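Worksheet: the structure to be examined is printed underneath.
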Amino acid sequence: MENIIVNISSDKMKAYITINAPSDSDIQMPNISEILKYLNDKGVVYGIDENRLNIIVNKKIFNQELMIAEGLYPVDGIDGRIDFHFDIKKDKKPVALDDGSVDFRNLDLIENVRKGQILCTIIHPLSGENGKTVTGEIIYCKEGKEPKLPIGKNVEYSTETDCIVSLIDGQLIYKNGKISVYLSCEISGDVDNSTGNIKFLGNLTIRGNVLSGFHVEAGGTVEVWGVVEGAIIKAEGDIIIRRGVQGNNKAQLISNGSIMARYIEHSSVSAKLDIKAESIMHSIIKCRGKLKLIGRKGLLVGGSISAGKEISAKVIGS
């Protein structure tokens, strides 16, 4: 079949055929079987368009180069991914209110999670499909990759649900590509406009002061290294103020455990257990356990005092 020319593209993904018009009128258009055999002999074995070949033969299309076969291009797989159920890029910007003012106090910077809470879902990769050239060679696809599990502390991966869940109540931290949950949370400076109000499920340590007008609430112990001003602190555990409370008649300390402070002034303080301080002045004090004024001063002056078991001090009143 000298009058048939077959060309294969350089990437072997397409094949073209040209059937030249015969010079001898006695030579007929080759039939489909003959052309198919000739294509196979030339290496074209896959993706042959027999409908087009029928048209070429039936309509006696000569002297035109036509695509007669096309390979199958590979389809790469899709990488797996992780769907986080929390904001991994938490914005510290204050919220603009409807009246045009800006709320600097409710920044919601601490991500609280409960035991068993789903933190993220693992989406597995989708498989790809291999391709094939017109010469029958397989073109291997790129398979999707499994995502790296962001397993940190106090979390676990469930193969049944393809989810990562928290093992404890606490603060969620996403750092260096890993999810961790911690029982305790530490504020390195003051509780002020930079942090907003603080609400945490576990133990809370504040290295600085708690400024007036802010609220702190914890499901465990609250420890403040500095001074508490006219703020509200609530704790399911103890409240420990390393320096003291200068309440300006606005501070409220409420604990389901005990409260300890160096001094308490012009504040409202309530504890389910004991209250201990070196001095308490002009405050409303209530506890179901013992009220103890300890240390060098042991001073209790002014205000309203009630205790369920005992009140002890070196100096009571003026």
Side-chain angles (χ1 to χ4, degrees), residues 10-14 46-47 70-96 103-104 106-189 191 194-207 217-220 236:
S10 58
D11 61 0
K12 299 181 181 181
M13 294 304 291
K14 293 179 181 179
Y46 178 80
E70 185 172 15
L72 177 67
Y73 287 91
V75 178
D76 289 339
I78 299 175
D79 289 343
R81 69 181 193 277
I82 297 172
D83 281 352
F84 293 95
H85 301 313
F86 60 92
D87 187 0
I88 62 174
K89 296 180 180 179
K90 199 149 190 174
D91 196 351
K92 294 184 179 181
K93 292 180 180 178
V95 177
D103 185 358
F104 286 95
N106 295 302
L107 300 181
D108 194 26
L109 297 185
I110 295 176
E111 189 82 38
N112 288 296
V113 295
R114 294 286 187 183
K115 181 179 179 180
Q117 182 174 333
I118 296 175
L119 306 178
C120 66
T121 302
I122 310 303
I123 307 299
H124 293 289
L126 296 178
S127 299
E129 294 182 3
N130 293 331
K132 188 180 285 190
T133 67
V134 295
T135 57
E137 299 169 45
I138 294 176
I139 306 173
Y140 292 98
C141 66
K142 180 181 178 182
E143 292 292 351
K145 296 180 180 179
E146 286 282 354
K148 186 177 180 180
L149 296 180
I151 299 292
K153 294 182 179 180
N154 299 317
V155 299
E156 71 175 358
Y157 171 63
S158 169
T159 55
E160 295 181 359
T161 61
D162 282 325
C163 295
I164 292 176
V165 299
S166 176
L167 296 175
I168 60 171
D169 293 347
Q171 181 188 17
L172 185 151
I173 298 291
Y174 180 70
K175 188 176 182 181
N176 297 327
K178 292 185 177 181
I179 301 172
S180 297
V181 180
Y182 295 99
L183 284 168
S184 60
C185 172
E186 181 175 300
I187 306 298
S188 60
V191 174
S194 66
T195 63
N197 297 327
I198 302 295
K199 187 174 183 179
F200 180 55
L201 295 174
N203 299 323
L204 179 64
T205 299
I206 300 166
R207 297 279 182 175
E217 189 171 345
E236 289 298 316

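Positions are given from 1, in the same order as the sequence printed here. Being a predicted model, the structure only gives us computed values, none of them experimental.
With contacts defined as side-chain heavy-atom distances shorter than 4.5 Å, the pair Ser184/Thr205 does not qualify. Side-chain contact between Tyr46 and Thr133 is absent, with no heavy-atom pair separated by less than 4.5 Å. Within the 4.5 Å cutoff, no side-chain heavy atoms of Asp79 are placed close to those of Pro125. Counting heavy atoms from C-beta outward, Ser166 and Arg114 have side chains that stay 4.5 Å or more apart.
With Asn130 contributing its side chain and Ile138 its backbone, the two residues share no donor-acceptor pair below 3.5 Å. Formation of a donor-acceptor pair under 3.5 Å by the Asp162 side chain with backbone atoms of Ile122 is not found in this model. With hydrogens and angles ignored, the 3.5 Å screen pairs a side-chain donor or acceptor of Glu143 with a backbone N or O of Gly128. No donor-acceptor pair under 3.5 Å is formed between the side chain of Asp76 and the backbone N or O of Cys141.
Atom CZ of Phe200 and atom CD of Gln171 lie 5.0 Å apart (nearest 0.5 Å). For the atom pair CD (Glu146) and CD1 (Ile123), the distance works out to 11.0 Å, reported to the nearest 0.5 Å. Remark: Leu183 CG to Ile168 CD1 distance equals 3.5 Å, nearest 0.5 Å. Note that NZ of Lys12 and CD1 of Ile139 are 10.0 Å apart. Values are rounded to the nearest 0.5 Å.
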Practice task
Could you check Ile179 against Phe86 for side chain to side chain contact (heavy atoms under 4.5 Å, CB included), going step by step and ending with a plain yes or no?
Solution key: CA-CA 11 Å; Ile179 301 172; Phe86 60 92; 3.9 Å; yes

Exercise for the section: Could you walk me through whether Glu156 and Val165 pass side chain to side chain contact (heavy atoms under 4.5 Å, CB included), step by step? Expected result: CA-CA 6 Å; Glu156 71 175 358; Val165 299; 3.8 Å; yes

Exercise for the section: Take Ile110 and Lys199, measure what side chain to side chain contact (heavy atoms under 4.5 Å, CB included) needs, and give me the verdict at the end. Expected result: CA-CA 7 Å; Ile110 295 176; Lys199 187 174 183 179; over 6 Å; no

Practice task
Please test Val181 against Gln117 for side chain to side chain contact (heavy atoms under 4.5 Å, CB included), starting from the C-alpha separation and ending with a verdict.
Solution key: CA-CA 11 Å; Val181 180; Gln117 182 174 333; over 6 Å; no

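Around CD of Glu137, the count of heavy atoms belonging to other residues, nucleotides or ligands within 6.0 Å exceeds 12.
Here the shortest heavy-atom pairing between Ile164 and Pro150 reads CD1-CD, 3.5 Å. Among all heavy-atom pairs drawn from Met13 and Lys132, the shortest one is CE-O, 3.9 Å. Considering every non-hydrogen atom in both Ile206 and Val191, the closest pair reads CD1-CG2, 3.7 Å. Nearest heavy-atom pair, Thr121 versus Cys163, reported as atom, atom and distance to 0.1 Å: OG1-SG, 3.7 Å.
Screening Leu172, Ile173, Leu119 for a side chain to side chain contact (heavy atoms under 4.5 Å, CB included) with Glu111, the sole residue that qualifies is Leu172.
Remark: Asp83 engages Arg81 in a salt bridge, criterion side-chain N to carboxylate O under 4.0 Å.
Judged purely by distance below 3.5 Å, without hydrogens or angles, the side chains of Glu160 and Ser158 never pair a donor atom with an acceptor atom.
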